[in-house]
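Sequence lines set the chain letters: A, B, ... in the order given, protein chains first and strands last, and positions in each chain run from 1.
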Number of protein chains: 2
Amino acid sequence: MENRVTALLREKGFKVTPQRLAIYKVLANSKAHPSAENIFQQLQPYYPTMSLATVYKTVEILKEIGLIQVLNAGEDSFRYDADTSMHPHIRCLQCGRVDDLHDIDINTFIGQVAEKTPYRLTGQQFYFYGCCPVCQGKPAN
Amino acid sequence: MENRVTALLREKGFKVTPQRLAIYKVLANSKAHPSAENIFQQLQPYYPTMSLATVYKTVEILKEIGLIQVLNAGEDSFRYDADTSMHPHIRCLQCGRVDDLHDIDINTFIGQVAEKTPYRLTGQQFYFYGCCPVCQGKPAN
DNA sequence: TAATAACGAATAATAGTTATCTATTTATAT
DNA sequence: ATATAAATAGATAACTATTATTCGTTATTA
């Protein structure tokens, strides 16, 4: 799996560095859709000299070569997801966690839009909002 | 229509000011989903002393009392929409315009998600991306 | 019309992100 | 392995959207 990243970076003319592999690995091993700040903090113990700018530059590259997707779930910062398959996301308005929604048929929905809009479609993002199971047990803030 | 806004502001304990009515009117008369900066510029000729902070505070209030909805179509700024009905949006990746998508059945899609997720759903936003009819005629940038 | 609570404008502050600069590191060909 | 050229990482400054603060002004209510 690390080879695939290495190969793709080289193929697209980017150099392979430990930082880039580490940042991708954080995303590949997480289902929490971390933000740049988040990735930075997770790597801090292992790469104490790495700067936040490096994280931003790297996720930009990873997005460009199609290894990750960028999420904008109405927060003040972006999140990143190594699962590039097309799937909706859901955010808990109480605790802020963002989860994947899998096994949902999105194709009929997309097909419907494709039929009706004069746009040529190239992509889409679906965001749901609500209260996660954990927070349903807590008193509403 | 202006009476509805006036009444709702008062009812919720907010004062009715010319600036607030003007900002709402800009949104109500537009299908372009303007940003705060945009609203500010449109009102500049008529309210030359109005500050951008006033626009931000006002859209926050308008959102709170349910007169508008806030869009986050993956740009660096938010957009505002006086059409609070639940409808998907589509953004042209070339020129940046954002259009409404109407007459789309979103309920089966939402129903499907409601069934599968353990979250309690409270809302959703659907964003499509592509190339608008105008830009399809232009050379790709 | 007076009292009071909220507001608008100006400004400063904040936060996320991007640009710049230079020493260092990677890739490639010897 | 090593030298070389190109790209990168880190530090820092800059930038932009948004939010907070302050104070004179205005809308509401009686």
Next item on the list: Compare the minimum distances between each of C:dA10, C:dT26, C:dC7 and the side chain of B:S51, then state the nucleotide with the smallest one.
Entry: C:dA10
Item checked: Minimum-distance nucleotide to A:T17 side chain [options: D:dA9, C:dG8, D:dG10] -> D:dA9
Note to self: I'd like to check A:L101 versus B:Y119 (side-chain heavy atoms, cut-off strictly below 4.5 Å). Are they in contact?
What the structure shows: no
Next item on the list: Using a cut-off of strictly less than 4.0 Å, decide whether A:Y56 has a side-chain nitrogen or oxygen near OP1 or OP2 of C:dT17.
Entry: yes
Next item on the list: Rounded off to whole Å, could you give me the CG-to-C1' distance for the B:D76 and C:dA15 pair?
Entry: 14 Å
Item checked: Length of the CZ-P vector between B:F78 and C:dA15, whole Å -> 16 Å
Next item on the list: Please figure out whether B:K15 or B:E60 has its closest DNA chain D nucleotide nearer the 5' end.
Entry: B:E60
Notebook entry, point to check: Does the pair A:R79/A:D81 count as a salt bridge with the N-to-O cut at 4.0 Å?
Noted result: no
Check: To the side chain of A:K57, which of C:dC7, D:dG10, D:dT18 is closest?
Finding: D:dG10
Notebook entry, point to check: B:Q19 has an atom CD; how far is it from atom C1' of C:dA6, in whole Å?
Noted result: 13 Å
Margin query: Rounded to whole Å, how long is the line connecting atom CG of B:L21 with atom C1' of C:dG8?
Written below: 14 Å
Check: Between D:dT8, D:dT18, C:dT17, which nucleotide has the shortest distance from any of its atoms to the side chain of B:S77?
Finding: D:dT18
Note to self: Please report the distance, rounded to the nearest Å, between OH in B:Y47 and P in C:dG8.
What the structure shows: 11 Å
Margin query: I'd like to know if B:E60 and B:K63 make a salt bridge, using a cut-off of under 4.0 Å between side-chain N and carboxylate O.
Written below: yes
Next item on the list: Identify whether any heavy atom of A:P48 sits under 4.0 Å from a base atom; if not, whether one sits that close to sugar-phosphate; answer base, sugar-phosphate or nothing.
Entry: nothing
Notebook entry, point to check: Stepwise, does the side-chain contact (heavy atoms from CB on, under 4.5 Å) test hold for B:F78 with B:L71?
Noted result: CA-CA 6 Å; B:F78 290 93; B:L71 307 184; over 6 Å; no
Next item on the list: Over 60° means perpendicular and under 30° means parallel, so classify the ring planes of B:F109 and A:F126, tilted if in between.
Entry: perpendicular
Note to self: We want to know whether B:Q125 and B:Q69 form a side-chain donor-acceptor pair, criterion being a heavy-atom distance below 3.5 angstrom.
What the structure shows: yes
Check: D:dA9 phosphate, OP1 or OP2: any side-chain N/O from A:R20 under 4.0 angstrom?
Finding: yes
Next item on the list: Report the stems of DNA chain D as range-with-range entries sorted by first number; a stem here is at least three consecutive pairs, Watson-Crick or G-U wobble, both distances under 3.5 Å, and write none if there are none.
Entry: C:1-30 with D:1-30
Note to self: How many whole angstroms separate atom CD of B:E75 from atom P of D:dT18?
What the structure shows: 10 Å
Next item on the list: Please report, rounded to the nearest Å, how far the P atom of D:dA17 is from the CD1 atom of B:I39.
Entry: 14 Å
Note to self: Let's see if you can work this out: which of D:dA11, C:dA27, D:dT18 has an atom nearest to the side-chain heavy atoms of A:R10?
What the structure shows: C:dA27
Check: In whole angstroms, how far is the C1' atom of D:dT26 from the CG atom of B:L9?
Finding: 15 Å
Check: How about A:D100 and A:H89: does a side-chain donor come under 3.5 Å of a side-chain acceptor?
Finding: yes
Item checked: Check: B:T6/B:N3 side-chain N/O donor and acceptor closer than 3.5 Å -> no
Next item on the list: Output the single nucleotide from D:dG10, C:dA10, D:dA7 whose closest atom is nearest the side chain of A:M50.
Entry: D:dG10
